[in-house]
Amino acid sequence: MTPLTRADALIEALGQGDDLAAMTALAAAIHARWPLDRRPSPMIRSAIEAAGDARLGPRDMAQIFIAAARARGVPARYVSGYSLAGDDERRTAAPHAWAEAYVAGGWYAFDPATGGRSGLDHIRVAVALDAAGAAPIAGVRMGAGDEELDVDVRVGSETE
């Protein structure tokens, strides 16, 4: 547990169980409880702070998932990366966050923002105990001014 992934009574009440089905149900419960807000949040909040809001972004939902999983004794970690959207001909990548939990002898990915398991449309860039340690990009900015991030993600098979 980290200060950002502590659970309170609200988070602990999201369900019970420590198996794959229970973790999938946890992702669905978070998705059902908090409507998704895709606007980027400038600050990282704790799971308890985020749970007090009416709408949450993917980062906050992942933090809540981790807090709830750990409260059940399930190891969980934060993942940042990109999710792909669009049809097969023109897919775009958007920054995203989700969680992984260690169940059934392995790490499984869950996306509370979509209410289910993460799949091949999720591209993992960084993994950590919480959002503070898994920045998809890092650096130092010097001086004032506007900035914009442009990302191009290309995914291929190992045989290409």
Side-chain angles (χ1 to χ4, degrees), residues 1-88 91-138 151 153 155 157:
M1 178 185 331
T2 69
L4 293 176
T5 57
R6 288 194 176 101
D8 62 3
L10 173 64
I11 293 170
E12 289 177 358
L14 290 170
Q16 296 183 3
D18 60 2
D19 60 6
L20 185 58
M23 294 296 104
T24 303
L26 173 59
I30 293 168
H31 179 73
R33 169 68 178 79
W34 289 279
L36 179 61
D37 185 351
R38 291 221 178 258
R39 292 175 293 171
S41 173
M43 60 185 240
I44 297 173
R45 302 185 294 178
S46 73
I48 294 171
E49 290 170 326
D53 275 358
R55 301 176 64 85
L56 301 178
R59 177 175 51 206
D60 292 329
M61 290 182 175
Q63 296 271 89
I64 291 171
F65 180 96
I66 293 165
R70 290 179 182 165
R72 300 175 189 192
V74 175
R77 60 192 182 191
Y78 181 91
V79 182
S80 65
Y82 299 94
S83 65
L84 299 176
D87 59 31
D88 288 338
R91 299 191 84 174
T92 59
H96 195 55
W98 60 98
E100 293 178 345
Y102 191 83
V103 291
W107 288 99
Y108 289 84
F110 301 91
D111 187 353
T114 62
R117 301 266 314 277
S118 302
L120 296 176
D121 58 343
H122 288 70
I123 301 163
R124 181 172 29 154
V125 175
V127 177
L129 294 174
D130 59 37
I137 60 167
V151 177
V153 177
V155 179
S157 69

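All values below come from the heavy atoms of this structure, side chains included, with hydrogens, waters and symmetry mates left out.
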Q: What are the two closest heavy atoms between Ala132 and Leu4, and how far apart are they?
A: CB-CD1, 3.7 Å
Q: side-chain contact (heavy atoms from CB on, under 4.5 Å) with Ala128: which residues, sequence neighbours excluded?
A: Ala134
Q: For Arg39, which residues count as a salt bridge (charged side-chain N to carboxylate O under 4.0 Å, His left out) partner, sequence neighbours excluded?
A: Asp37
Q: Would you list the pairs meeting ring-ring contact (aromatic ring centres under 6.0 Å, His included) in which at least one residue belongs to residues 52-77, sequence neighbours left out?
A: Phe65-Phe110
Q: Restricting to pairs with a member in residues 9-57, which pass ring-ring contact (aromatic ring centres under 6.0 Å, His included), not counting sequence neighbours?
A: none
Q: Taking side-chain contact (heavy atoms from CB on, under 4.5 Å) as the test, write out the residues that go with Gln16, two or more places apart.
A: none
Q: What residues, two or more places apart in sequence or in another chain, satisfy salt bridge (charged side-chain N to carboxylate O under 4.0 Å, His left out) together with Asp111?
A: none
Q: May I ask you to decide if Leu20's main-chain N or O and Thr24's side chain share a donor-acceptor pair within less than 3.5 Å?
A: yes
Q: Asp18: which residues meet the side-chain contact (heavy atoms from CB on, under 4.5 Å) condition with it, sequence neighbours left out?
A: Val74
Q: Would you list the pairs meeting salt bridge (charged side-chain N to carboxylate O under 4.0 Å, His left out) in which at least one residue belongs to residues 49-66, sequence neighbours left out?
A: Arg45-Asp53, Arg45-Asp60
Q: Got Ile66 and Asp130 here, is their nearest side-chain heavy-atom distance under 4.5 Å?
A: no
Q: Throw together a table of side-chain donor-acceptor distances under 3.5 angstrom for residues 99-108, partners on residues two or more places apart or in other chains.
A:
| from | atom 1 | to | atom 2 | distance (Å) |
| --- | --- | --- | --- | --- |
| Glu100 | OE1 | Arg77 | NE | 2.6 |
| Glu100 | OE1 | Arg77 | NH2 | 2.8 |
| Tyr102 | OH | Gly105 | O | 3.4 |

Q: With sequence neighbours excluded, tell me which residues meet salt bridge (charged side-chain N to carboxylate O under 4.0 Å, His left out) with Asp8.
A: none
Q: Do Ile30 and Leu56 come within less than 4.5 Å of each other through their side chains, counting heavy atoms only?
A: no
Q: Please check if the side chain of Gln63 supplies one atom and the backbone of Ala131 the other of a donor-acceptor pair under 3.5 Å.
A: yes
Q: Do any N or O atoms from the side chain of Arg6 and from the backbone of Ser46 form a donor-acceptor pair under 3.5 angstrom?
A: no
Q: What pairs with Leu129 under side-chain contact (heavy atoms from CB on, under 4.5 Å), at least two apart in sequence or on another chain?
A: Thr2, Arg70
